Protein chains: 2
Amino acid sequence: MQHSIPYGVADYFWSESLQRQQMMDVLLETFRRWGYGDVIPPTFEFADSLSAQASAGLRAEMYRFLDRDGSTLALRPEFTTPLARLVATRLHDWPMPQRFCYAGSVFRYVSPQAGRQREFLQAGVELIGASTPEADAEVLALTVAALRAAELTDFRVVVGQIRYFGGLLADLKLTPEQEDALREAIDRKSEPALASFLRDVPLRTQQRRTVEELPNLNGSSLSQIIDQADRYCLNYEMHAALENLRAVCDVLAAYGVTDAVDLDLTEIRNLGYYTGVTFEALAPGMGFGIASGGRYDDLIGHFGKGQPAVGVAMGVDRLLLARQRQRGEQRSPHPPPPDCLVITAGDATSNAAALAQVQRWREDGQRVQVEVNGRSNEDVLAYARKLGIAKVLRWTGRAFEEMEV
Amino acid sequence: MQHSIPYGVADYFWSESLQRQQMMDVLLETFRRWGYGDVIPPTFEFADSLSAQASAGLRAEMYRFLDRDGSTLALRPEFTTPLARLVATRLHDWPMPQRFCYAGSVFRYVSPQAGRQREFLQAGVELIGASTPEADAEVLALTVAALRAAELTDFRVVVGQIRYFGGLLADLKLTPEQEDALREAIDRKSEPALASFLRDVPLRTQQRRTVEELPNLNGSSLSQIIDQADRYCLNYEMHAALENLRAVCDVLAAYGVTDAVDLDLTEIRNLGYYTGVTFEALAPGMGFGIASGGRYDDLIGHFGKGQPAVGVAMGVDRLLLARQRQRGEQRSPHPPPPDCLVITAGDATSNAAALAQVQRWREDGQRVQVEVNGRSNEDVLAYARKLGIAKVLRWTGRAFEEMEV
């Protein structure tokens with residue numbers, strides 16, 4: 001009999017669990033005020049559905065198991081695919097756009113490192129049935145609003161457009177090996193790898209200049225980067241990507257959030273289903289993104305009638321960790337004390353008045369514990385001191401008397 | 001490729017998902033005010049841990065699967081056992097009592113019927129490290145308070161004491177077959193089955209009278225039932241059960257909740273780990289309990305140092321269904337509309353003022369959608385009418401103009 005828990009999952013208790021619940025509450029409430037409606041998909045469903053357009057990496061990380069009827073189920077590794085399935089199969093006849101928000105556990109078989117668990121909380125939104133820059137910008141502005149509602153003071157949202165690199169690839173007509181080499185050089189921002197790619201692969205002058213310029217196409221001067229990138233376009237697809245980015249940035253300016261946004265045209269990670277704008281929110285000192293999202297116009301069509309869509313998913317535990325670091329908070333090693341501990345008298349009849357008062361305090365929002373162990377006053381006070389309970393009230397039978405803790 | 005979801009699980013959306021989230025919020029907040037602290041155990045853990053003192057029925061209903069290292073995991077079928085494990089293995093050195101609350105999904109492989117899903121939400125509390133009637137009564141009074149906070153107007157909490165029947169069994173010294181026959185007769189409240197048991201099993205007069213009386217030991221006159229049961233006690237164990245019940249009822253009277261409580265000494269279902277007071281909350285017209293709980297003094301010792309404990313688990317979806325029926329509500333067949341839909345102008349610069357105002361409304365708690373599909377005013381109004389959005393505002397570039405929906 002093992003009395004531990006499996007590697008990579010955790011018990012959350014005391015302030016840690018309260019903060020997780022409260023963070024989900026804050027994010028969901030922000031999403032609702034932007035007009036997004038709660039949705040709760042099943043924790044597990046058919047593995048095939050969840051795999052729809054998942055990257056090879058995500059597929060490999062899925063927790064699969066057999067249902068008793070022999071079908072293969074999996075624990076959801078993210079929420080976007082289940083919501084795409086839901087909209088395509090059950091809500092396709094409803095007017096578009098549709099806005100959904102969620103918060104809950106997702107499951108991935110990863111190697112646990114700092115901040116990586118095999119079960120972790122995600123909260124996010126999907127805006128479905130709108131392909132405009134206004135839709136992209138809404139999800140980006142909402143991401144900024146949600147991170148601010150979560151009381152993060154220092155973060156950047158780094159925005160890319162996967163069609164810029166896609167257009168470049170279409171022009172270069174590389175072999176799969178060459179494409180992998182270029183992707184890796186750009187993805188790792190490795191100058192030697194890029195130099196090696198340029199040495200090995202024969203390119204036209206124009207193409208070569210564009211590839212060489214790519215690593216410079218990032219930073220916080222949004223329109224300047226777009227103008228610069230414009231000079232290196234090789235085809236319509238690359239131009240279209242920039243036109244979209246320019247329009248998105250205009251709307252972000254109207255939302256007043258461009259000061260929190262960077263552009264990065266080297267954001268080309270294999271993200272599975274993304275087809276346009278992609279983005280990641282970063283906080284200083286965190287070695288991983290705290291939120292990520294983008295446009296995915298082909299995923300819903302996988303399950304039925306296609307719809308353009310854009311969304312974001314936030315890592316709830318990562319937000320908490322980033323906020324904790326920004327505030328310089330230590331994780332509390334103690335159970336959080338109630339506001340007050342009440343000792344009732346021996347007599348049930350006289351206690352009725354005391355318990356009625358306790359109930360009124362609770363209705364006013366106070367957290368009040370009642371002593372239930374029948375301990376002496378001394379023992380109760382020792383308990384209160386150990387737990388840092390500042391207020392202990394003793395019912396005399398007629399009134400409360402505050403005790404010295 | 002299947003585009004449905006597995007039998008027995010569901011997608012929750014629109015008002016249904018919002019109500020589930022809000023119900024969990026209300027219950028958790030009630031628990032916190034009674035001094036209970038949030039805890040979030042993993043969604044899956046070792047199947048052996050979860051099986052600890054589970055009834056045979058519950059064990060058979062667990063979703064088991066293999067971890068990649070070959071160990072057998074299972075999705076949690078309830079929260080009490082994971083919390084018992086947590087307290088015994090990690091929190092045993094902290095002062096007692098400890099109070100925990102939770103809300104989340106549990107998983108059981110059941111035949112789906114009305115109100116039964118294979119994934120469903122439970123919310124509840126565990127009060128650990130107190131064996132007094134005051135502890136039992138606190139959890140019962142909190143159950144009443146939580147059902148009232150959940151806005152149920154009509155419910156009963158039916159309280160039993162498993163030691164009364166346990167004491168009777170110890171006295172009767174039945175064969176396993178005879179015991180099963182008696183359990184079934186009592187559990188099903190079947191007079192013919194009880195008559196048949198009494199015909200088949202030779203008992204002393206005193207024993208026979210107690211068994212015959214058992215089906216009458218229930219109702220809302222608490223002290224009268226205890227007095228009546230007292231006359232049929234065969235040994236100390238049965239007396240002790242009644243003494244405990246009497247003391248619990250005294251404290252419930254001090255809490256002012258006895259009007260919501262019934263006693264039932266025939267509550268003897270095989271509940272796995274319960275060792276004392278047991279209870280179930282019932283609402284009219286619901287064919288199943290909406291909450292259940294009791295004392296389990298042996299479970300925590302299974303994982304380490306023993307501790308007495310008492311707790312309750314509520315079925316969140318059942319509470320919602322019961323409330324809906326009591327209010328005579330229909331399930332809404334429409335997405336819940338936002339408070340307001342805003343159409344911005346074509347010009348990003350002038351939109352800044354509009355979006356700033358929208359953001360202020362959102363901070364004030366209003367749910368405001370912004371049109372992102374670039375549709376004509378006519379099309380937006382048609383959309384608003386379809387979704388029942390009562391208020392549509394158009395930004396003229398300088399002011400909002402309310403449109404006639």
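Because the structure is a prediction, the values reported are computed rather than measured. Lettering of chains follows the sequences in order, A, B, ..., and the numbering in each one begins at 1.
Nearest approach of A:Y383 to B:P95, heavy atoms of both residues: CD1-CB, 3.7 Å. Scanning all heavy atoms of the two residues, the minimum distance from A:S49 to B:S4 falls at OG-O, 4.1 Å. Of all non-hydrogen atoms in B:G129 and A:N373, the two that sit nearest each other are O-ND2, 2.8 Å. Scanning both residues, A:Y109 and B:D67, for their nearest heavy atoms gives CE1-OD1, 3.3 Å. When every heavy atom of B:R32 is checked against every heavy atom of A:R367, the shortest pair comes out as O-CG, 3.1 Å. In terms of heavy atoms, B:Q359 sits closest to A:A145 at NE2-CB, 4.4 Å.
Between atom CZ of residue A:F44 and atom OH of residue B:Y63 there is a gap of 3.5 Å, rounded to the nearest 0.5 Å. Rounding to the nearest 0.5 Å gives a distance of 9.0 Å between CG of A:D25 and CD of B:E29. Note that CG of B:L142 is 7.5 Å distant from CZ of A:R362, once rounded to the nearest 0.5 Å.
Not one N or O on the side chain of B:D11 forms a donor-acceptor pair closer than 3.5 Å with the backbone of A:P82. Judged by distance alone, with hydrogens and angles left aside, the side-chain atoms of B:Q369 form a donor-acceptor pair with the main-chain N or O of A:G35 at under 3.5 Å.
Within residues 98-106 of chain A, the residues having any heavy atom less than 4.5 Å from a heavy atom of chain B are, in residue-number order, A:R99, A:F100, A:A103, A:S105. When the heavy atoms of residues 246-256 of chain A are compared with those of chain B, the residues falling under 4.5 Å are A:D250, A:A254, A:Y255, listed by number.
Residue A:A135 touches chain B through both its backbone and its side chain, counting heavy-atom pairs closer than 4.5 Å. If you measure heavy-atom distances from A:M24 to chain B, you find no contacts under 4.5 Å at all. Within the 4.5 angstrom heavy-atom criterion, only side-chain atoms of A:L91, from C-beta onward, approach chain B. Interface remark: A:P336 contributes no atoms to any contact with chain B (heavy atom separation under 4.5 Å). Neither the backbone nor the side chain of B:Y36 comes within contact range of chain A, judged by heavy atoms closer than 4.5 Å. Heavy-atom distances place the side chain of A:L387, and not its backbone, under 4.5 Å from chain B. Of the atoms belonging to A:L66, not a single heavy atom falls under 4.5 Å from chain B. Heavy atoms of A:L18 lying under 4.5 Å from chain B belong to its backbone as well as its side chain. Residue contact with chain B, scored on non-hydrogen atoms closer than 4.5 Å, is absent for A:E16.
Here B:L86 is the residue among B:L86, B:D69, B:L75 with the most heavy-atom pairs under 4.5 Å with chain A. Note on A:A352, A:A130, A:P97: by heavy-atom pairs under 4.5 Å with chain B, the leading option is A:P97. Chain A forms the most heavy-atom pairs under 4.5 Å with one residue out of B:S17, B:S51, B:P133, and that residue is B:S17. Of the residues considered (A:R64, A:M96, A:R20), A:M96 shows the highest number of contacts with chain B, using heavy-atom pairs under 4.5 Å. Heavy-atom pairs under 4.5 Å with chain A peak, among B:T132, B:I5, B:N351, at B:I5. Residue with the most contacts toward chain B among A:G37, A:G374, A:A10, A:P338: A:A10 (heavy-atom pairs, distance under 4.5 Å). No other option in B:L341, B:T89, B:T43 has as many heavy-atom pairs under 4.5 Å with chain A as B:T43. Between chain A and the options B:K386, B:R68, B:Q366, B:R90, the largest number of non-hydrogen pairs under 4.5 Å is found for B:R68. Counting heavy-atom pairs closer than 4.5 Å to chain A, the top residue among B:V39, B:L355, B:I40 is B:I40. Heavy-atom pairs under 4.5 Å with chain B peak, among A:P335, A:A356, A:A137, at A:P335.
At a threshold of 4.5 Å between non-hydrogen side-chain atoms, the residues B:Y12 and A:D38 do not count as touching. Two residues are said to be in side-chain contact when any heavy atoms from C-beta on lie closer than 4.5 Å; B:W34 and A:V370 fail this criterion. Residues B:E134 and A:T344 are not in side-chain contact: their nearest non-hydrogen atoms beyond the backbone lie 4.5 Å or more apart.
The aromatic rings of B:W94 and A:W14 stand perpendicular to each other, their planes meeting at an angle above 60°, with 30° marking the opposite boundary.
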